[in-house]
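Everything on this sheet refers to the single structure shown next.
Per chain, numbering begins at 1; letters A, B, ... match sequence-line order.
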Amino acid sequence: MKRVLSIFLLVLVSAAGCAKSSQPPYAEDPWVREPPPGMSMLAGYMILHNPSSFELTLTGASSPDFAAVEFHNSVMEDGVSRMRQETSLVLGAGEALRFVPGGRHMMLIAPGRQFSEGDKVLIELSFSDGSELHITAPVRSGGGH
Amino acid sequence: MGLQRILMIIGLAAMAVVAGLWLQLRMSAPAVPPETNATLLRTARPVGDVRLQDTLGNELSLQQLKGRWSLVFFGFTHCPDVCPTTLAILSQVARRLENLPQAQQPQLVFITVDPERDVPEVMKGYVEHFDKNMIGLTGELSQVEALAAQLGVAFQKVPLDQGGYSMDHSAAIFMLNPGAELNAIISAPHSVEGIAGDYRKIVEFMAEQS
Ligand SMILES: [Cu+2]
């Protein structure tokens with residue numbers, strides 16, 4: 001019995017060791033809200049997953065279609081909505097960051113052209129380890145889902 | 001006096017008693033306000049008149065909102081996240097309430113806290129994007145401030161790193177009754193189900209009260 005247990009433990013430990021994964025991050029359901037005409041800022045949303053066993057730090061974003069892309073968080077303080085910039089975002093091992101309407105979002109600043117429903121927005125996310133993630137986010141109208 | 005006559009009198013008397021009791025019950029029973037997430041003001045609070053501008057640049061006094069219930073939200077068009085999210089929700093709320101009698105359906109009102117940039121033409125394109133019937137209001141900053149102060153709406157300009165500015169602003173939705181008086185305050189976070197449900201309950205309750 002003792003022997004069975006120790007084999008079991010050995011298997012468990014080695015499995016955990018092997019599980020150290022370096023799977024790349026990925027964006028689930030990225031989308032950009034269709035803007036009213038003439039808007040200088042758009043908001044993009046997604047769920048950003050880090051399936052690896054390592055912490056990742058999101059340090060920036062850019063898009064060929066926009067002058068700048070920033071990370072913002074809409075927070076509520078005493079019933080007042082405030083939008084604050086976040087310069088870097090930490091993604092723990094196996095964790096996900098939710099970018100959702102009325103919360104954290106990608107702020108797409110100064111579009112180079114008009115966007116309407118069905119268009120695609122290219123966004124490049126960069127991480128502190130030098131890696132990049134390219135996302136194609138469709139433009140959608142309405143509240144989201 | 002025949003038996004028939006006596007019976008008729010007793011019958012009438014009984015009916016009168018029942019009717020009287022029913023009336024008394026209706027008049028004196030303290031109506032229980034509905035359970036809502038919204039804060040209901042049992043006595044609606046009058047709002048001092050202000051003069052704003054509609055999306056065509058015509059002067060519109062707050063009194064002109066009379067006649068219908070209104071759902072009023074304050075924001076600004078350079079707001080990429082919270083305002084579009086809320087206005088999209090309001091437009092869905094209006095669609096969900098389309099099965100109410102016409103007179104009880106809400107009019108949607110978006111008032112800018114950034115009249116400097118949100119001139120009528122900008123407001124027009126913005127509100128029509130969300131709902132073709134939405135009323136967009138801008139105007140003199142002093143008028144917007146006067147209205148905001150009465151409703152307890154806070155707003156403040158916040159400079160942005162890359163130039164320009166954003167606005168911090170209250171996220172509540174105000175429900176004005178057909179007399180253009182403040183009747184309920186709906187606090188964020190907002191949802192279509194939450195607002196539509198509270199709206200129905202409040203309109204029904206206020207109709208019973210009157
Ligand atoms: Cu933002």
Side-chain angles (χ1 to χ4, degrees), chain A residues 31-46 60-63 66-88 98-111 114-117 121 137 139-145, chain B residues 39 73-93 95 110 113 117-119 121-131 134 136 152-156 158-173 185-192:
Chain A
W31 65 285
V32 169
R33 188 199 305 279
E34 182 185 48
M39 281 302 104
S40 60
M41 290 183 245
L42 279 65
Y45 308 100
M46 64 179 167
S62 65
S63 168
F66 292 85
V69 180
E70 295 179 352
F71 305 118
H72 285 199
N73 200 4
S74 298
V75 293
M76 200 70 74
E77 289 167 10
D78 300 326
V80 175
S81 160
R82 308 173 195 277
M83 199 171 67
R84 295 292 174 260
Q85 190 179 353
E86 298 179 307
T87 46
S88 69
R98 300 174 64 85
F99 291 71
V100 292
R104 180 167 286 128
H105 54 277
M106 290 181 281
M107 180 88 137
L108 309 160
I109 300 162
Q114 282 283 335
F115 286 94
S116 46
E117 183 151 27
V121 177
V139 175
R140 277 194 229 147
S141 68
H145 299 266
Chain B
T39 307
F73 180 66
F74 289 80
F76 64 115
T77 71
H78 284 68
C79 165
D81 179 44
V82 167
C83 303
T85 304
T86 308
L87 295 182
I89 287 174
L90 279 178
S91 138
Q92 288 175 58
V93 166
R95 252 174 280 150
F110 177 61
V113 294
R117 290 185 293 196
D118 291 339
V119 296
E121 203 186 325
V122 173
M123 289 293 282
K124 187 171 193 296
Y126 194 78
V127 294
E128 282 176 358
H129 176 79
F130 295 99
D131 194 302
M134 191 180 291
V153 170
F155 63 94
Q156 193 185 10
V158 181
L160 292 176
D161 288 347
Q162 77 274 8
Y165 60 89
S166 179
M167 302 289 299
D168 289 351
H169 60 95
S170 295
I173 290 168
I185 301 169
I186 306 168
S187 306
H190 299 303
S191 73
V192 178

Residue [X] versus chain B: region with a heavy atom under 4.5 Å:
X: A/V100; value: backbone
X: A/M83; value: both
X: A/S40; value: side chain
X: A/M39; value: side chain
X: A/Q85; value: side chain
X: A/I109; value: side chain
X: A/R104; value: neither

Checking [X] side chain against [Y] main chain: does a donor-acceptor pair fall under 3.5 Å?
X: B/H190; Y: B/L90; result: no
X: B/D118; Y: B/T77; result: yes
X: B/H129; Y: A/E34; result: yes
X: B/D81; Y: A/G102; result: yes
X: A/S141; Y: A/E117; result: no

Practice item. Is it possible for you to check whether A/R140 lies under 6.0 Å from the centre of the six-membered ring of A/Y45, through NZ or CZ, and within 45° of that ring's axis? Key: no

[X] portion near chain A, given a 4.5 angstrom heavy-atom threshold:
X: B/V158; result: side chain
X: B/S187; result: neither
X: B/L160; result: side chain
X: B/F130; result: side chain

Study note, to complete from the structure: If you tally heavy-atom pairs under 4.5 Å between each of A/S74, A/A43, A/G79, A/S81 and chain B, the highest tally belongs to A/S81

Study note, to complete from the structure: Residue from A/G38, A/A68, A/P35 scoring the most non-hydrogen pairs under 4.5 Å with chain B is A/P35

Check your understanding: Given the side-chain rings of B/F110 and B/Y126, with only the six-membered ring counted for Trp, is the space between their centroids under 6.0 Å?
Key -> yes

Revision key, fill the gap. Paired with A/V69, the side chain to side chain contact (heavy atoms under 4.5 Å, CB included) test is passed by just one of A/L108, A/L42, A/V121, namely A/L108

Check your understanding: Does A/R98 CZ have over 12 foreign heavy atoms under 6.0 Å away?
Key -> no

